[in-house]
Amino acid sequence: HEFRMHGNEKYPFMYATLDGELSGNGKKGILEIKTATIQNNGQWREWEDRIPDTYYAQVVHQLTVTEWDFAYVRAYLRYYKDGELRATVRDYYIEAEDIKNDAASLIIMVETLLSITRIQDGSLPLKMREEMLEEVAGDAVLTTRRRFPERQVEMDPGEDILYFPM
């Protein structure tokens with residue numbers, strides 16, 4: 001791939017550049033390397049048993065574009081303890097099979113953004129369709145529960161069926 005940029009014929013609007021490519025046991029994977037300096041407890045929580053959401057979205061994007069089997073994320077995390085700079089390395093393994101729903105959501109979001117920002121003949125046509133609020137909110141709740149299983153998330157859609165343009 002020129003400039004190590006990967007594309008996908010199914011999603012011609014999506015490209016990915018990878019830190020590295022992995023293979024073994026008949027599987028192909030993505031290597032993603034991160035470095036960060038942790039400055040408070042909130043930042044530590046973002047790295048506990050998972051990667052921060054911004055990096056997760058990047059990995060979902062990369063796996064969607066490449067259609068490969070897994071991603072391996074290695075994080076070099078620096079932090080200060082008792083005034084001394086220290087470091088730790090954390091490794092994360094993500095199966096493509098486990099992120100299918102998030103990948104589908106990503107594709108819909110990108111296609112929607114592209115459809116509402118495409119300029120044609122000097123105008124900006126908006127392609128909107130009616131979406132049931134309960135379905136959109138339900139998807140958001142499921143995604144939140146998957147990403148934050150320790151959090152309690154409730155939804156009360158009420159009795160009325162609401163639609164809105166999206």
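The chain is numbered in sequence order, starting from 1.
Checked against salt bridge (Lys or Arg N to Asp or Glu O under 4.0 Å), Lys10 has the following partners two or more places apart in sequence or in another chain: Glu67. Residues satisfying the side-chain contact (heavy atoms from CB on, under 4.5 Å) criterion with Ala57, sequence neighbours excluded, are absent altogether. For the salt bridge (Lys or Arg N to Asp or Glu O under 4.0 Å) test, residues two or more places apart in sequence or in another chain that qualify with Asp91 are Arg74. Listed by chain and number, the residues in a ring-ring contact (aromatic ring centres under 6.0 Å, His included) with Tyr55 are Trp47 (sequence neighbours excluded). With sequence neighbours excluded, no residue satisfies salt bridge (Lys or Arg N to Asp or Glu O under 4.0 Å) with Asp69. Evaluation of the salt bridge (Lys or Arg N to Asp or Glu O under 4.0 Å) rule for Asp53 yields Arg50, Arg147 as partners, not counting sequence neighbours.
In the hydrophobic clustering of ILVMFWY residues, with side-chain heavy atoms under 4.5 Å counting as a link, Ile33 and Met5 come out apart. No chain of hydrophobic side-chain contacts below 4.5 Å, direct or via other Ile, Leu, Val, Met, Phe, Trp or Tyr residues, connects Val73 to Leu22. Linking ILVMFWY residues whenever their side-chain heavy atoms come closer than 4.5 Å, directly or via other members, leaves Leu85 and Leu77 in distinct clusters. Hydrophobic clustering of Ile, Leu, Val, Met, Phe, Trp and Tyr side chains at less than 4.5 Å, counting indirect connections, keeps Tyr93 apart from Val60.
Nearest heavy-atom pair across Ala96 and Leu63 is CA-CD1, 4.1 Å. Nearest heavy atoms, Asn8 versus Thr64: ND2-O, 3.6 Å.
Residue Met14 holds its CE atom at 6.0 Å from CD1 of Ile107, rounded to the nearest 0.5 Å. Between the CZ atom in Phe70 and the CD1 atom in Ile30 there is a gap of 9.0 Å [rounded to 0.5 Å]. Distance check, rounded to the nearest 0.5 Å: OG1 of Thr17 to CD of Gln58 gives 7.5 Å. Separation of atoms CD1 (Ile38) and NZ (Lys81) is listed at 14.0 Å; rounding is to 0.5 Å. Taking NZ of Lys34 as the reference point, atom CG of Asp19 lies at 6.5 Å (rounded to 0.5 Å). Lys100 contributes atom NZ, which lies 11.0 Å from atom CD of Glu95 (distance to the nearest 0.5 angstrom).
More than 12 heavy atoms of other residues, nucleotides or ligands lie within 6.0 Å of CD in Glu150, so this atom counts as buried by the packing criterion. Residue-environment remark: OH (Tyr11) exceeds the threshold of 12 foreign heavy atoms within 6.0 Å.
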Quiz item: What do the steps show when you test Trp68 against Glu21 for side-chain contact (heavy atoms from CB on, under 4.5 Å), and what is the final call?
Solution: CA-CA 10 Å; Trp68 290 353; Glu21 299 178 12; 3.6 Å; yes
